[in-house]
Amino acid sequence: AGDHTLSIVCSDGLHNSTTSDVTLKINPSAVVVPPFLLSRYTISLVENTLPSASFITLSLRNSPAEDQYKFSIVGGDSGRHFKIDSRTGAVNLVSSLDRETQ
């Protein structure tokens, strides 16, 4: 069901022709997530930044439908100070930051 076979004929318009079959196999699509707009972001926050403040929203490059992708934090937040909106890519502070204890 995932294959298509095409019969191709090339003719000189008179009496000569040649035929070839082309089989096209359809593989499951490989979803490629577009890259972030930047490979690295640097943000500065002051210690008294209020929890729940959104300080950056990450976007994908050349993505016509970003809502089909899910954002998540997978490292660097052992103190669980941050959360990311899985749909929009907005990163929020969920607890106060203290420069001396970080």
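For the numbers below, each heavy atom of this structure counts, side chains included, while hydrogens, waters and symmetry mates do not. Quick note: residue numbers are just sequence positions, from 1.
Not counting sequence neighbours, Leu50 has no partner by the side-chain contact (heavy atoms from CB on, under 4.5 Å) test. Ser17 pairs by the side-chain contact (heavy atoms from CB on, under 4.5 Å) definition with Val9, Ser11, not counting sequence neighbours. For Thr49, there are no side chain to side chain donor-acceptor pair (under 3.5 Å) partners at least two apart in sequence or on another chain. Scored by the side-chain contact (heavy atoms from CB on, under 4.5 Å) test, Ile56 finds Tyr41, Ile43, Leu58, Val91 as partners (sequence neighbours excluded). Evaluation of the side-chain contact (heavy atoms from CB on, under 4.5 Å) rule for Ile73 yields Asp77, Phe82, Ile84 as partners, not counting sequence neighbours.
A 4.5 Å side-chain heavy-atom check between Leu37 and Ser59 finds at least one atom pair inside the cut-off. The side-chain heavy atoms of Phe71 and Thr57, taken from C-beta on, include no pair separated by under 4.5 Å. A heavy-atom distance below 4.5 Å is not found between the side chains of Ser86 and Ser72.
Taking hydrophobic clusters as Ile, Leu, Val, Met, Phe, Trp and Tyr residues chained together by side-chain heavy-atom distances below 4.5 Å, Phe36 shares a cluster with Phe55.
The minimum heavy-atom distance linking Ser95 with Arg80 is given by the pair OG-O, 4.0 Å.
Not a single donor-acceptor pair under 3.5 Å links the side chain of Asp85 to the backbone N or O of Ala90.
The NZ atom of Lys83 lies 10.0 Å from the OG atom of Ser54; values are rounded to the nearest 0.5 Å.
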